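Contents: one structure, followed by commentary.
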There are 2 protein chains.
Amino acid sequence: MPVENDYKTVNLNEVAKKAGVSIATVSRVINNNPNVTPVTRTKVQQVIRKLKYSPNRVAKRLRNRYASSNLLGVLIPDIQNPFYVEVLRGIEDVAYENKYALIMCNFSQDEKKEKLYLDILQSESIDGLIAAPTHEHDQKVIHLVKSGLPIVCVDRGLSGVDVDVVLVENKNGAFAAVDHLAKNGYKRIAYISGLPQLPSSQQREAGYIEALMANKLPVDRELIRLGDSSHESGVRLCEELLNLSSPADAVFAGNNLITLGALETIHKRKLKIPQDIAVIGFDDMYWSISLNPPLTAVRQPAYEIGKRAAELLIQRINDPVRPTVSMILKTELMIRNSC
Amino acid sequence: MPVENDYKTVNLNEVAKKAGVSIATVSRVINNNPNVTPVTRTKVQQVIRKLKYSPNRVAKRLRNRYASSNLLGVLIPDIQNPFYVEVLRGIEDVAYENKYALIMCNFSQDEKKEKLYLDILQSESIDGLIAAPTHEHDQKVIHLVKSGLPIVCVDRGLSGVDVDVVLVENKNGAFAAVDHLAKNGYKRIAYISGLPQLPSSQQREAGYIEALMANKLPVDRELIRLGDSSHESGVRLCEELLNLSSPADAVFAGNNLITLGALETIHKRKLKIPQDIAVIGFDDMYWSISLNPPLTAVRQPAYEIGKRAAELLIQRINDPVRPTVSMILKTELMIRNSC
DNA sequence: AAAAAAACTGTAAACGTTTTTATTGCAATA
DNA sequence: TATTGCAATAAAAACGTTTACAGTTTTTTT
């Protein structure tokens, strides 16, 4: 037996009846349509207040297909990664300013989950979407872009389709980090990569290799470890690197979580940073200074990324035909004590 | 000028026309109503697949007021706090298993923002809500509970109303931490509180005071500092405590962010932990071991909190009249090296 | 073979809005 | 006074579903 739950279902009809006008008039009052006598307007407004009427957004959205749902979708690969949390904060601040709420979908790098969430988002008729697709050829997202839904990609682009995108200089950032390691005399610099199919992972690897070459260091494939961008993979791959017959003397970690994982392994082995092994992470955190030792890291302007992405998205919603832009933000090497 | 964006608007009508049946039949096929000939069913299914039809959830929800929107609202006070992120992960996993998507609202301890988001959530006709209200007397949330919307509170209860709630033993957790400090010989143990109106802050303070008394230590109001649960307040209040004529020799930090703030201050002053000053934080993080020094902390089972809350919520959605429960989870003192 | 029952399918109403179109009342004009 | 024009309001259609009810076909029963 379905239980009666008494969501207040005050609707236009009740308001209209009580105010002695038609629902059209009430609707006009609500939407500030000027064609209403001041006296009628106040009368209706009083009833609205008395009955605590608030419009049903579902009905509203059904009626005007192009009416704003004031809903933005956000498709995030990994909510555990502080980087994305920071991006989210940027998005959220801008969204709030513009009176949008966020439907946040965390797909944990799981393509099936991503698909489910995208389906939901689409049929919720969101106004726009900020996404970090699983990879450059993410058909589902590409299809959405083609369908005309306003979309901004962050962290990862989309190939073969015209879409706004906010990225950072991954290659330069990685180069700076590895170059710094090399200049400090480290010879066996390892790279622990995130998911290898991600453009960002690839670009960081490219920067890594370029820096090695610039410093006349050999590129040893043994020192490049491919993971899945998780904390656990950082732990494991760092162990592998330390177990090599000729172990790494420095680690360049592909992201936040990998860095923390690597640190965990190093601390468990009671190795000294940077004497025994140096560490530089991609992604800075506001508490990096409190790590042991204070971490040297490539700072991505995460909050800024989110903020820009949200701004671009709202721009596009308001002007669907403006040319697409790619926004490339700078990274910054924060030198502390881990190298 | 509104631009024509061609969201594929395949609807029941088109499918029906193409399949040569009525929209009622198509609807029945979609909803697995048994009263359809197998031959008709497959015919319709083919058309559905061919046209890539997917039902419009907005229309669906308008029609069946009590139909599931498959949307859960989450009202989070501070997305920057890793504790809530972990809670969110727990919620999300359960939600996904049960095919719910999340509307995530981060209100940053701002009551106005909270109200806006609640309005949106309500008129989105979500199926249920998980909330950490700003305080025990949060009228807005109380009103929602009374209206019959399924709600589960986390981290903070709600007074004077019957609602499911998932909490931790704040007082016991705090007691264990402060007792540990006292047993290690610290005499001037400070407490940096989060927002004082939060029940959790109050309970932790109670545990703190009880532990002092149990160890025959005086309660010095000077050593109790009230903040706003933020990183910044941790930085500032820790400075105040170190500036006292008779400074604190140990700090019990009221949450995650406060802990990180306090650490920042201590490191800036080049003080040694735990020799110069000991630190215990409320809230453990998986990277606490990588902090300098590895942090002793009261672990809240954050993921578990989220998971339980989501389970309770889904139970309530499916059975709105089951009696409410309060779930109190245990904390655990993770002893590492900061004391 | 006709009647009754069962199984299937179609029609139309309803959900709560917005908006187009129609109606009303009233002042200004001829 | 009869007509027009205008403003304010009302009526009705539409958005895409689900579902009660009616209608049709098929099957079973007599």
Side-chain angles (χ1 to χ4, degrees), chain A residues 2 5-45 47-48 51-71 120 122-125, chain B residues 2 4-45 47-48 51-70 120 122-125:
Chain A
N5 46 7
D6 55 348
Y7 292 113
K8 261 288 187 298
T9 176
V10 185
N11 57 16
L12 280 186
N13 240 307
E14 296 189 38
V15 176
K17 217 175 290 173
K18 189 128 185 178
V21 298
S22 76
I23 61 168
T25 301
V26 181
S27 175
R28 278 187 279 257
V29 169
I30 288 161
N31 298 300
N32 288 316
N33 184 312
N35 302 346
V36 182
T37 320
V39 49
T40 314
R41 161 158 284 133
T42 48
K43 185 176 56 179
V44 171
Q45 282 169 334
V47 176
I48 288 177
L51 297 188
K52 291 196 168 79
Y53 167 78
S54 101
N56 179 318
R57 288 163 55 101
V58 174
K60 193 182 248 178
R61 276 156 65 193
L62 179 58
R63 169 57 222 229
N64 312 23
R65 297 223 57 188
Y66 303 126
S68 174
S69 64
N70 281 297
L71 239 34
I120 292 184
Q122 188 175 21
S123 54
E124 274 309 318
S125 72
Chain B
E4 193 94 358
N5 45 7
D6 54 349
Y7 293 113
K8 261 287 187 300
T9 177
V10 185
N11 56 14
L12 279 187
N13 240 309
E14 295 189 40
V15 176
K17 217 176 289 172
K18 190 127 183 177
V21 298
S22 76
I23 60 170
T25 301
V26 180
S27 176
R28 277 189 275 257
V29 169
I30 287 161
N31 297 302
N32 288 317
N33 183 312
N35 303 345
V36 182
T37 320
V39 47
T40 314
R41 162 158 285 133
T42 46
K43 185 176 59 179
V44 171
Q45 282 170 334
V47 176
I48 287 177
L51 295 188
K52 293 199 167 86
Y53 167 78
S54 101
N56 180 318
R57 290 163 55 100
V58 175
K60 192 181 249 178
R61 278 158 63 194
L62 179 58
R63 169 56 220 229
N64 302 18
R65 297 223 57 189
Y66 302 128
S68 173
S69 64
N70 280 297
I120 292 184
Q122 188 174 21
S123 55
E124 276 309 319
S125 72

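So that the names make sense, note that chain A is the first sequence line, chain B the second, and so on, each numbered from 1. If you're wondering where the values come from, they're calculated on a predicted model, not measured in any experiment.
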Exercise for the section: Tell me, please, which residues at least two apart from B/Thr37 pass side-chain contact (heavy atoms from CB on, under 4.5 Å). Expected result: B/Val39, B/Thr40
Exercise for the section: Please state how far atom CG in B/Asn35 lies from atom C1' in D/dT25, giving the value in whole angstrom units. Expected result: 14 Å
Problem - Nucleotide of C/dT11, D/dT17, D/dA12 approaching A/Ile23 most closely (side-chain heavy atoms) - result: D/dA12
Exercise for the section: Calculate the interatomic distance between B/Leu62 atom CG and D/dT17 atom P; express it in whole Å. Expected result: 12 Å
Handout entry: Phosphate OP1/OP2 of D/dG16: any B/Asn11 side-chain N/O under 4.0 Å
Key = yes
Problem - d(OH, A/Tyr53; C1', C/dG16) in whole Å - result: 7 Å
Exercise for the section: May I ask you to verify if any side-chain N or O of B/Thr25 is less than 4.0 angstrom from the OP1 or OP2 atom of C/dG10? Expected result: yes
Practice task
Compare all side-chain heavy atoms of B/Asn11 with those of B/Asn56 and state whether any distance is below 4.5 angstrom.
Solution key: no
Practice task
Counting heavy atoms from C-beta on, name the nucleotide in D/dA10, C/dT17, C/dA13 closest to the side chain of A/Lys60.
Solution key: C/dT17
Problem - Closest to the B/Leu12 side chain, choosing from C/dT17, D/dT18, D/dG16 - result: D/dT18
Exercise for the section: Give the nucleotide from the list C/dT17, D/dA10, D/dT19 with an atom nearest to the side chain of A/Ala24. Expected result: D/dA10
Exercise for the section: May I ask you to say what A/Val58 touches in the nucleic acid, namely base, sugar-phosphate or nothing, with a heavy-atom cut-off under 4.0 Å? Expected result: nothing
Handout entry: Sub-4.5 Å side-chain heavy-atom contact between B/Lys52 and B/Val10
Key = no
Exercise for the section: Enumerate the residues from residues 36-45 of chain A whose closest heavy atom to DNA chain D is under 4.0 Å, giving them by residue number; use none for an empty result. Expected result: A/Val36, A/Thr37, A/Thr40
Handout entry: B/Ser22 vs C/dT11: side-chain N/O to OP1/OP2 distance below 4.0 Å
Key = no
Practice task
Would you check if B/Tyr53 and B/Ile30 make a side-chain contact, meaning some heavy-atom pair closer than 4.5 Å?
Solution key: yes
Handout entry: Sequence-distant partners of A/Ile23, side-chain contact (heavy atoms from CB on, under 4.5 Å), two or more places apart
Key = A/Leu12, A/Asn13, A/Ala16
Problem - Side chain proximity check, B/Thr25 to B/Arg28, heavy atoms < 4.5 angstrom - result: yes
Exercise for the section: Check whether any side-chain heavy atom of A/Leu71 lies under 4.5 Å from a side-chain heavy atom of A/Arg61, and answer yes or no. Expected result: yes
Fill in the blank from the handout: Rounded to whole Å, the CD-C1' distance (A/Glu14 to C/dC15) equals 14 Å
Handout entry: Between C/dG16 (C1') and A/Leu51 (CG): distance, integer Å
Key = 15 Å
Completion exercise
Considering only heavy side-chain atoms of A/Arg28, the closest of C/dT20, C/dT17, D/dT17 is C/dT20
Exercise for the section: Send over the distance from B/Asn64 CG to C/dA14 P, rounded to a whole Å. Expected result: 15 Å
Exercise for the section: Report the distance from atom CZ of A/Arg61 to atom C1' of D/dT17, rounded to the nearest whole Å. Expected result: 15 Å
Completion exercise
Whole-Å distance, B/Arg63 CZ to C/dA14 P, equals 10 Å
Practice task
For A/Asn31, answer base if it contacts any base atom (sugar-phosphate contacts may also be present), sugar-phosphate if it contacts only those atoms, and nothing otherwise; contact means non-hydrogen atoms under 4.0 Å.
Solution key: sugar-phosphate
Exercise for the section: Check for a donor-acceptor pair, side chain of A/Asn31 on one end and backbone N or O of A/Asn33 on the other, with a separation under 3.5 Å. Expected result: no
